[in-house]
Asks: 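Before I ask anything, here is the structure I am working with.
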Amino acid sequence: QVQLVESGGGLVQAGGSLRLSCASSGGTLDTGVIGWFRQVPGKEREGVSCISSTDGRPYFRASVKGRFTISRDTTKNTVYLQMNNLRPEDTAVYYCALQPRNGPGYCGPPLPYQYYYWGQGTQVTVSS
């Protein structure tokens with residue numbers, strides 16, 4: 001059973017940086033499609049970024065392009081979301097997720113229904 005655990009969230013001032021980690025137990029993150037999502041109360045969960053092991057080309061939603069990067073560390077079975085130049089509108093609970101083996105298999109705009117395994121989320125708060 002794959003279990004994902006996010007960490008690295010916290011409170012940061014606008015312009016600051018955080019690095020979120022997504023560690024897996026019970027399954028490898030070396031292959032497949034990993035996505036990062038975020039959600040604020042009263043709004044739908046939105047895809048932030050994803051990366052596929054097949055082509056390695058990451059996706060970023062427009063509002064975070066140039067500020068966020070995504071990477072894998074296969075030695076630690078961990079995926080990272082580096083967030084720089086944070087803005088108050090980045091405030092949300094951030095989730096990592098993994099597509100199932102029979103999932104779409106591609107990383108495009110990440111959509112929640114494409115992912116099966118989810119972490120519990122980590123809060124990111126950016127103060128102005």
Side-chain angles (χ1 to χ4, degrees):
Q1 180 71 16
V2 175
Q3 291 186 325
L4 304 178
V5 178
E6 302 97 337
S7 61
L11 173 63
V12 64
Q13 288 188 330
S17 298
L18 286 172
R19 188 179 77 161
L20 304 184
S21 300
C22 175
S24 171
S25 61
T28 180
L29 296 183
D30 294 353
T31 60
V33 182
I34 309 296
W36 283 97
F37 296 79
R38 64 188 182 188
Q39 189 170 24
V40 297
K43 292 190 176 181
E44 292 187 353
R45 192 168 295 188
E46 62 182 23
V48 175
S49 178
C50 57
I51 188 167
S52 170
S53 62
T54 54
D55 59 23
R57 290 179 297 175
Y59 165 89
F60 299 95
R61 70 181 297 111
S63 61
V64 307
K65 273 185 181 178
R67 300 188 296 123
F68 290 13
T69 58
I70 188 170
S71 61
R72 297 177 192 252
D73 186 337
T74 57
T75 65
K76 297 181 179 179
N77 205 25
T78 300
V79 174
Y80 301 99
L81 184 68
Q82 177 68 44
M83 307 186 297
N84 299 325
N85 192 20
L86 283 161
R87 304 168 180 170
E89 54 265 37
D90 295 318
T91 295
V93 177
Y94 283 71
Y95 300 88
C96 66
L98 174 67
Q99 287 187 5
R101 290 187 178 182
N102 60 349
Y106 61 83
C107 169
L111 300 172
Y113 75 86
Q114 297 172 331
Y115 294 77
Y116 184 77
Y117 303 99
W118 291 85
Q120 82 290 348
T122 186
Q123 176 71 47
V124 171
T125 303
V126 184
S127 63
S128 57

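In this text, all values refer to a predicted model and were calculated from it rather than measured experimentally. Along the sequence shown, residues carry numbers from 1.
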Asks: Kindly give the heavy-atom pair with the smallest separation between K43 and Q39, and that separation in Å.
Replies: O-NE2, 3.1 Å
Asks: Taking atom OG1 of T125 and atom CG of L11, what is their separation to the nearest 0.5 Å?
Replies: 6.0 Å
Asks: With a 3.5 Å distance limit and no angle check, can you tell me whether T78 reaches the backbone of A23 through a side-chain donor-acceptor pair?
Replies: no
Asks: W118, V93: one ILVMFWY side-chain cluster at the under-4.5 Å cut-off?
Replies: yes
Asks: I need the single residue from Y115, Y94, Y95, Y113 that forms a ring-ring contact (aromatic ring centres under 6.0 Å, His included) with F37. Which is it?
Replies: Y115
Asks: L29 and C22: which non-hydrogen atoms are nearest, and at how many Å?
Replies: CD1-O, 3.5 Å
Asks: First locate atom OG of S128, then atom CZ of R87, and finally report the distance between them rounded to the nearest 0.5 Å.
Replies: 14.0 Å
Asks: Quick check for you: to the nearest 0.5 Å, what is the distance between S21 atom OG and K76 atom NZ?
Replies: 8.5 Å
Asks: Is the shortest side-chain heavy-atom distance between M83 and D90 below 4.5 Å?
Replies: no
Asks: So how far is it from I51 CD1 to S71 OG, rounded to the nearest 0.5 Å?
Replies: 7.5 Å
Asks: Between E6 (side chain) and Q120 (backbone), is there a donor-acceptor pair under 3.5 Å?
Replies: yes
Asks: Is V33 linked to L20 within one hydrophobic cluster, defined over Ile, Leu, Val, Met, Phe, Trp and Tyr using a side-chain heavy-atom separation of less than 4.5 Å?
Replies: no
Asks: If hydrophobic clusters are built by linking Ile, Leu, Val, Met, Phe, Trp and Tyr wherever their side-chain heavy atoms come under 4.5 Å apart, do Y116 and V79 end up in the same one?
Replies: yes
Asks: I need the I70 CD1 to L81 CG distance, nearest 0.5 Å.
Replies: 6.0 Å
Asks: Which heavy atom of N84 sits nearest to which heavy atom of S17, and what is that distance?
Replies: OD1-OG, 2.9 Å
Asks: Test of understanding: with salt bridge (charged side-chain N to carboxylate O under 4.0 Å, His left out), list the residues that count as partners of E46, not counting sequence neighbours.
Replies: R38, R61
Asks: Please report the shortest heavy-atom distance between V126 and T91, naming the atom on each side.
Replies: N-OG1, 2.9 Å
Asks: Could you see if F60 belongs to whatever hydrophobic cluster contains V124? Use Ile, Leu, Val, Met, Phe, Trp, Tyr and a side-chain cutoff under 4.5 Å.
Replies: yes
Asks: Heavy atoms only: give me the nearest R67-L86 pair and the separation to one decimal.
Replies: NH1-CA, 3.8 Å
Asks: Would the distance check show the side chain of Q3 and the main-chain N or O of S25 forming a donor-acceptor pair, the cut-off being under 3.5 Å?
Replies: no
Asks: Are the side chains of C50 and Q114 in touch, meaning some heavy atoms are under 4.5 Å apart?
Replies: no
Asks: Tell me whether Y80 shares a hydrophobic cluster with W36, the cluster being built from Ile, Leu, Val, Met, Phe, Trp, Tyr side chains joined at under 4.5 Å.
Replies: no
Asks: Indicate yes or no for a side-chain donor-acceptor contact from S49 to the backbone of Y59 under 3.5 Å, with no hydrogens or angles considered.
Replies: yes
Asks: Closest heavy-atom contact between T122 and G9?
Replies: OG1-N, 3.2 Å
